[in-house]
Amino acid sequence: MPIPVLRAETFYLPPPQLPADAWDLVPAAERVFRWYEYRVQRRVIPPVGYVTGQQVYAQINHNRWVADCLCGSAQVVSPTDPRIACTECGLGWITLVFPADPDAVEASLAELLPGERNWTNPDAPSQEPTPPYLPPEPTPPPEV
């Protein structure tokens with residue numbers, strides 16, 4: 001039996017001292033907030049509203065459905081709850097774009113080793129790497 005691609009509901013699990021089904025009623029996109037709270041030991045409240053006019057494309061990266069926040073952070077996501085909100089920068093909910101048939105995409109990668117399972121939505125805008133920060137050249141003092 002092949003190893004399934006991880007989704008938010010199979011990645012963000014309750015801590016061991018809680019029953020395994022403790023978060024079953026928590027929507028997949030909100031589980032990251034419970035998981036994050038447990039790990040950083042501080043309250044993190046999910047946002048209420050959506051950021052309009054923004055969308056992010058989900059991708060499979062090393063056998064996990066992931067999406068990047070606009071701030072550069074990322075999290076595991078799920079096609080069962082196509083939205084993302086950032087636990088790092090606090091940005092509101094953003095709509096996620098998944099392929100029409102996520103199960104077919106997962107099946108197309110099943111023969112690969114989990115670490116080699118990568119897929120990017122062909123409709124996603126090209127993401128050019130951000131150039132490294134270069135400090136400005138010092139300007140010579142004015143001649144007197």
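Just so it is clear, the model here is predicted, and its values are computed rather than measured.
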query = Should the pair Arg42-Glu37 be classified as a salt bridge under the 4.0 Å nitrogen-to-oxygen rule?
reply = no
Can you list everything that forms a salt bridge (Lys or Arg N to Asp or Glu O under 4.0 Å) with [X]? Sequence neighbours excluded, please.
{"X": "Asp123", "value": "none"}
{"X": "Arg39", "value": "none"}
{"X": "Glu88", "value": "none"}

query = So, for Pro102 and Pro99, which heavy atoms are closest and what is the spacing to 0.1 Å?
reply = CD-O, 3.5 Å
message = How close do Ser73 and Cys86 get, counting heavy atoms only, and between which atoms?
response =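 Distance-wise, the nearest heavy atoms are CB-SG, 3.9 Å.
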Could you give the distance from [atom1] ([X]) to [atom2] ([Y]), rounded to the nearest 0.5 Å?
{"X": "Tyr12", "Y": "Ser78", "atom1": "OH", "atom2": "OG", "value": "11.0 Å"}
{"X": "Glu116", "Y": "Glu111", "atom1": "CD", "atom2": "CD", "value": "12.0 Å"}
{"X": "Leu13", "Y": "Arg34", "atom1": "CG", "atom2": "CZ", "value": "13.5 Å"}
{"X": "Glu30", "Y": "Trp93", "atom1": "CD", "atom2": "CH2", "value": "5.0 Å"}

ask   = If you group Ile, Leu, Val, Met, Phe, Trp and Tyr whenever their side-chain heavy atoms sit less than 4.5 Å apart, what else falls in with Val105?
value =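 Its cluster mates, by chain and number, are Val5, Val51, Val56, Ile60, Trp65, Leu70, Val77, Ile84, Leu91, Ile94, Leu96, Phe98, Leu109, Leu112, Trp119.
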task = Would you kindly say whether Thr95 and Gln55 are connected by a side-chain donor-acceptor distance under 3.5 Å?
result =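 No, Gln55 and Thr95 have no side-chain donor paired with an acceptor closer than 3.5 Å.
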key: Derivation of the side chain to side chain contact (heavy atoms under 4.5 Å, CB included) call for Arg31 and Phe11   = CA-CA 9 Å; Arg31 286 181 175 218; Phe11 184 82; over 6 Å; no
message = Taking atom CD as the centre, does Gln17 end up with more than 12 heavy-atom neighbours from other residues, nucleotides or ligands that are less than 6.0 angstrom away?
response =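 Correct, the count exceeds 12.
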ask   = Should we say atom CD of Gln41 is surrounded by more than 12 heavy atoms from elsewhere, each under 6.0 Å from it?
value = yes
task = With sequence neighbours left out, write down each residue that passes side chain to side chain donor-acceptor pair (under 3.5 Å) with Asn61, or none if nothing qualifies.
result = Arg64
inquiry  = Test of understanding: with side-chain contact (heavy atoms from CB on, under 4.5 Å), list the residues that count as partners of Thr10, not counting sequence neighbours.
reply    = Leu6, Arg7
Any donor-acceptor pair under 3.5 Å from [X] side chain to [Y] backbone:
{"X": "Gln75", "Y": "Ala85", "value": "yes"}
{"X": "Asn121", "Y": "Tyr57", "value": "no"}
{"X": "Asp101", "Y": "Ala104", "value": "yes"}

query = Are side-chain heavy atoms of Arg117 and His62 found at a separation under 4.5 Å?
reply = no
ask   = Are Trp35 and Val40 connected in the hydrophobic side-chain network, where two residues link if heavy atoms are under 4.5 Å apart?
value =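 They do share one cluster, since a chain of ILVMFWY contacts under 4.5 Å joins Trp35 to Val40.
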ask   = When hydrophobic residues are tied together by side-chain contacts of less than 4.5 Å, even through go-betweens, does Leu18 share a cluster with Val44?
value = yes
inquiry  = Quick one, Cys69 with Cys89, criterion side chain to side chain contact (heavy atoms under 4.5 Å, CB included). Give me CA distance, side-chain angles, the key distance, then yes/no.
reply    = CA-CA 9 Å; Cys69 176; Cys89 72; 3.7 Å; yes
